[in-house]
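Remarks on the structure that follows.
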Amino acid sequence: MSTIVHVHQGLGLACGLRWSVLDAAGRKANASIRTAGRAIGASRYAIDDFGAGKYLGLYTPGALPSVTSVMSATIGGHKARRIHSLALVFIAAIARSSNVQRERVNAILSAAPDGAQGQTRALVIIEGGRIVHDSLQARGRAADIVDEYRSRGEDFQLFADRPEYDEASLIDLSELAAHAGKASLTRAIARHPAQRVLAWAALTAVALYGAHHRMVVVPHQRAQEARKKVEQDRTPLYLRALDEAMGNAGWSAPSLAQHLERLAASPFFYRGWALKSVDCNVMTCTESWSRHGGMVTDLMDMRSGGRYVPERSMGDKEAVIEMPCGGQAASSTHRS
C-alpha cells in the first residue's frame with residue numbers, strides 16, 4: 001500500500017508506489033494505466049520519464065497514515081491537497097544539487113513518516129538512475145535493506161532525516177518538498193468515457209428487470225406452483241450445471257485476491273531486468289521481462305520454480321518465463 005509520509009504547505013510526499021514499465025503511448029497509455037490501476041485498486045499514478053523508456057508508478061491508498069480521500073489527506077493536522085511521488089522528488093533534488101548524470105545516480109533515502117513515532121521508515125533506492133525500491137518498512141527491516149544495497153560494492157550515497165547511519169547526509173523532508181514539481185505530481189486515474197454510459201444502462205436494465213419480475217415472473221410462478229410440486233426435483237441437475245458454469249468463469253474470489261497480493265509483493269526490477277507484462281490464468285502466469293543488461297541465470301534464480309520459454313523469448317532483449325499459480329477456479333458451494 002502507498003503512504004503519505006510528510007505534508008508541507010498542502011503538498012504531500014507519498015512512498016510505496018508500485019513501479020512497472022509503461023510500454024504504450026497516447027490513448028493506449030491511458031488504457032494501460034486504467035487496466036493496471038484497476039488490477040491493484042490504485043487511485044492515482046505518476047510517470048517517470050527516464051532515458052528511452054517510461055515507468056508507471058501506481059498509488060494504492062490504504063496503509064496509515066496514507067490518504068483515504070484524494071482531496072483531503074490529513075497527517076498531523078496538515079492536509080495534503082497535492083500528492084507527489086517521494087521517489088521522483090528525491091531524484092529531482094539530486095539532479096538539481098549535483099552535476100551527475102541520472103544514469104550514474106546510486107542513492108538511498110531513509111526517512112521517518114510524520115506521526116510514525118520512529119517505528120517505520122520510508123525507503124527509496126535509486127540504482128543506475130532507476131527507481132528499484134519504493135516502500136514503507138519497519139525500522140529494522142529498512143536498515144537491513146540499506147545494508148544489503150550498500151554491501152554490493154556500488155557507490156550508494158545515503159540520505160536520512162536523522163543520524164542513525166554512518167556516512168549519511170542529513171536531509172529535511174520539508175526542504176526536500178521544495179523540489180516537487182509537475183514531473184513528480186500524481187494524477188487521478190481517469191475513468192473510461194464509456195463507463196458512465198454503461199453504469200446508467202446497467203441501472204436502467206436492473207430497474208426494468210425488477211418491474212418485469214414483479215409484474216410477470218412472480219404471478220406466473222405462483223400460477224405454476226401446484227404443477228412444480230409434482231414434477232421431478234431438478235435441483236441436483238441444476239447444481240451440477242451451475243458448478244460447470246462457475247468453473248468456466250475462471251478464478252474464485254479468494255484465490256484471485258491472494259494471487260493479486262502475491263503479484264503486488266513481487267519485484268518489478270531485478271539485476272538488469274524490468275518486468276514488462278504478466279498474463280495469468282488459474283494455473284500459470286506468463287511473465288515478460290525486458291533486459292537492461294541482466295543475465296538470464298540471475299533472473300531464473302530469482303524466479304525459482306519458473307520455466308524459461310526460449311521459443312517466445314527474444315534473444316538479449318526479452319525473456320519469457322512461465323510461473324505456476326496454483327489458483328482455484330470458481331465453483332458453487334452446496335450440500336448434497
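Because only heavy atoms are used, hydrogens play no part in the values below, and waters and symmetry mates are left out as well, while side chains stay in. Index from 1, following the sequence.
Taking all atoms of both residues into account, the shortest heavy-atom contact from Ile126 to Phe156 is O-CE2, 3.5 Å.
Other residues, nucleotides and ligands contribute only 12 or fewer heavy atoms inside 6.0 Å of the CG atom of Asp155. Around the CG atom of Asp166, the shell of radius 6.0 Å holds no more than 12 heavy atoms that belong to other residues, nucleotides or ligands. By the 6.0 Å contact criterion, CZ on Arg187 is enclosed, its count of non-hydrogen atoms from other residues, nucleotides or ligands being greater than 12.
A cation-pi geometry, defined here as NZ or CZ lying under 6.0 Å from the six-membered ring centre and within 45° of its normal, does not hold between Arg130 and Phe50.
Proximity of a side-chain donor or acceptor of Ser313 to a complementary backbone N or O of Val309 within less than 3.5 Å is detected. Side-chain atoms of Ser184 come within 3.5 Å of backbone atoms of Gly181 as a donor-acceptor pair (strictly under, hydrogens ignored). Judged by distance alone, with hydrogens and angles left aside, the side-chain atoms of Trp273 form no donor-acceptor pair with the main-chain N or O of Gly293 at under 3.5 Å. A donor-acceptor pair under 3.5 Å links the side-chain atoms of Arg44 to the main chain of Thr186, judged by distance alone. In this structure a side-chain-to-backbone donor-acceptor pair under 3.5 Å is missing from Ser98 to Ala95.
By the 4.5 Å heavy-atom criterion applied to side chains, Ile108 and Val124 are not counted as neighbours. Taking 4.5 Å as the limit, some side-chain heavy atom of Met302 sits within range of a side-chain heavy atom of Pro267.
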Check step by step if side chain to side chain donor-acceptor pair (under 3.5 Å) holds for His292 and Ser290.
CA-CA 7 Å; His292 299 276; Ser290 297; 4.9 Å; no
Output, in order, the C-alpha distance, side-chain angles, deciding distance and verdict of side chain to side chain donor-acceptor pair (under 3.5 Å) for Trp19 and Asp134.
CA-CA 8 Å; Trp19 293 95; Asp134 183 3; 3.0 Å; yes
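Using a cut-off of 4.0 Å between Lys/Arg side-chain N and Asp/Glu carboxylate O, Glu164 and Arg139 are scored as salt-bridged. Ionic pairing of Arg303 and Asp298 is not present here: no N-O contact between side-chain nitrogen and carboxylate oxygen is shorter than 4.0 angstrom. Salt bridge status for Lys276 with Glu318: present, with a side-chain N to carboxylate O gap under 4.0 Å.
The hydrophobic cluster containing Ile40 also contains Leu56, counting ILVMFWY residues as joined when their side-chain heavy atoms lie under 4.5 angstrom apart, directly or transitively.
Residues that satisfy the salt bridge (charged side-chain N to carboxylate O under 4.0 Å, His left out) test with Asp161, not counting sequence neighbours, are absent from this structure.
Checked against a 6.0 Å centroid threshold, the rings of Phe159 and Tyr165 do not count as neighbours.
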